[in-house]
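Worksheet: the structure to be examined is printed underneath.
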Number of protein chains: 2
Amino acid sequence: MATSLEKAKQNPDSMKAKILDAARRIFGEYGFHGTTTRMIAKAVGIDISTLYYHWGEKGDLYEAVIRDINDGMGKKLEEVEKKIKGRPLSERLEIAIEDMVDYLFEHPEISNLTLFRYFMKTRHGKELDVRVPEYLSDIAYSMGLAEDRRNVSTEAKMKVLFIMNAIHNFISGENFFRPMMQHDRNAYIQATKDTLNFFNLAAFT
Amino acid sequence: MATSLEKAKQNPDSMKAKILDAARRIFGEYGFHGTTTRMIAKAVGIDISTLYYHWGEKGDLYEAVIRDINDGMGKKLEEVEKKIKGRPLSERLEIAIEDMVDYLFEHPEISNLTLFRYFMKTRHGKELDVRVPEYLSDIAYSMGLAEDRRNVSTEAKMKVLFIMNAIHNFISGENFFRPMMQHDRNAYIQATKDTLNFFNLAAFT
DNA sequence: AGTTGATTCAATCAAATGATGGAATCAAAT
DNA sequence: ATTTGATTCCATCATTTGATTGAATCAACT
């Protein structure tokens, strides 16, 4: 059974997919309450009623966006996990950082919305369970912090959270932090990787 | 010359101060656009017109809140810096984490609003310059990452940002992360300190 | 008690916002 | 060409939200 979201992703040129893309970007920039349906519709170049026709109420569209970025993260993590399998730890860490940081800098709304959801209450709060705990355990296992995927210690989970959030921070905070560092975009991305590697290598090897 | 904010803080029982306190808490929970002036007024138990009488428009109140939490952080950082002066590095780090984490868990709206400002655009965006760069340099110096307060390398600033944001992450994300860890509040706070110490000690000593 | 200035609230506005109904348009199938 | 179903837009609602006005209340001082 194809969900509404899956159907939209099948054809990226479909109106439904275009709206979802704009919604990702704008919800990512302004958050749930900072975004109006009119802002999204205007970005796509359509009337708001068209938006409502395809996605229903604002909360449902937001929910679809969250699911979408979660799916994307899940796939990316799987991909990275396959790529680093079997290599020595320090190499695994460095490659994982390289790939994840690049991916997230290309899709900053992922970091924005992820952090936004961690930190902020929303007034008409739907809960919308996500798979964070599973991801955490998978990553912990992949980093050699646990013998068993299904039995990861709290310490290990905290360490993974620490690293994952640190990555998101640098991506989401780019507009704020980069001017402070007087870096151009590429230098800032490199500095992000360097900093992450510095802490990671010191802590885990 | 006493600013409007300073005047409010002089008497914590004043209406102006009570409004500011509620505004801190609620802006911290829901963000700028997620908060309505009515929510704040209701929390204080007053009419919105009274709120407007004391603080003017919503954006001005928000600005006062930001200044307030910044002042608080500045004072706390100074206090911690004095306390750790002269001690060996590993001790300095551990004490600083202990004190800052406790302080921020007592005032979670600081972490919430700090991260919110880093990561989110606001529609009617006033910029409102804050002293982040100065704080960064001071902390870097205090952590032994720079010889000179006024000449701190980009690498050092990135490392400090990394740590500071990591602290904020655990405080702001408590409601999200703590259930995943199945910790009570105190255990979660301790786990936060342990995790921070783990990375800090590995990286800097 | 009366005057004065500061504070508070009820009532109200205008604009923004989420949402919908129905007419118009488009595209594919017949 | 007509029919049919899907899509899009215009016009419009009802509510929420930021903000103000003016009358009432309070407190301090004479």
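Chain naming here is simple, since letters A, B, ... match the order of the sequence lines and numbering starts at 1 in each. Only this structure's heavy atoms are used, side chains among them; waters, hydrogens and symmetry mates stay out.
Every salt bridge (Lys or Arg N to Asp or Glu O under 4.0 Å) that A:E98 has, sequence neighbours left out, goes to A:K193. For B:R185, the salt bridge (Lys or Arg N to Asp or Glu O under 4.0 Å) partners are B:E174, not counting sequence neighbours. B:F119 meets the ring pair (Phe, Tyr, Trp, His ring centres under 6.0 Å) test with no other residue; sequence neighbours excluded. For A:D194, the salt bridge (Lys or Arg N to Asp or Glu O under 4.0 Å) criterion is met by no residue, not counting sequence neighbours.
A side-chain hydrogen bond (donor to acceptor under 3.5 Å, both in side chains) check over residues 25-35 of chain A, counting only residues at least two apart or in different chains, returns the pairs A:E29-B:K121. Residues in residues 135-146 of chain B take part in these side-chain hydrogen bond (donor to acceptor under 3.5 Å, both in side chains) pairs, two or more places apart or across chains: B:D138-B:R149. Residues in residues 103-116 of chain B take part in these side-chain hydrogen bond (donor to acceptor under 3.5 Å, both in side chains) pairs, two or more places apart or across chains: B:R24-B:E109, B:S111-B:H168, B:N112-B:S172.
DNA chain C contains the following stems of three or more consecutive Watson-Crick or G-U pairs, with both distances under 3.5 Å: C:1-30 with D:1-30.
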Return all side-chain donor-acceptor pairs below 3.5 angstrom for residues 69-77 of chain B, not counting sequence neighbours, or 'none' if the list is empty.
residue	atom	partner	partner atom	Å
B:N70	ND2	B:I66	O	3.3
B:K76	NZ	B:E79	OE2	3.1

Could you tabulate the donor-acceptor pairs under 3.5 Å formed by side-chain atoms of residues 39-53 of chain B, not counting sequence neighbours?
residue	atom	partner	partner atom	Å
B:D47	OD2	B:S49	N	2.8
B:D47	OD2	B:S49	OG	2.5

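When DNA chain D is scanned in the 5' to 3' direction for atoms under 4.0 Å from non-hydrogen atoms of chain A, the outermost contacting nucleotides are D:dA6 to D:dT17.
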N/O contacts under 3.5 Å, protein versus nucleotides 18-21 of chain C?
residue	atom	partner	partner atom	Å
C:dG18	OP1	A:K58	NZ	2.7
C:dG18	OP2	A:T37	N	3.0
C:dG18	OP2	A:T37	OG1	3.3
C:dG18	N7	A:R38	NH1	2.8
C:dG18	O6	A:R38	NH2	3.1
C:dA19	OP2	A:Y52	OH	3.2
C:dA19	OP2	A:K58	N	2.9

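Ring-centre distance between A:F162 and B:F177: not below the 6.0 Å cut-off.
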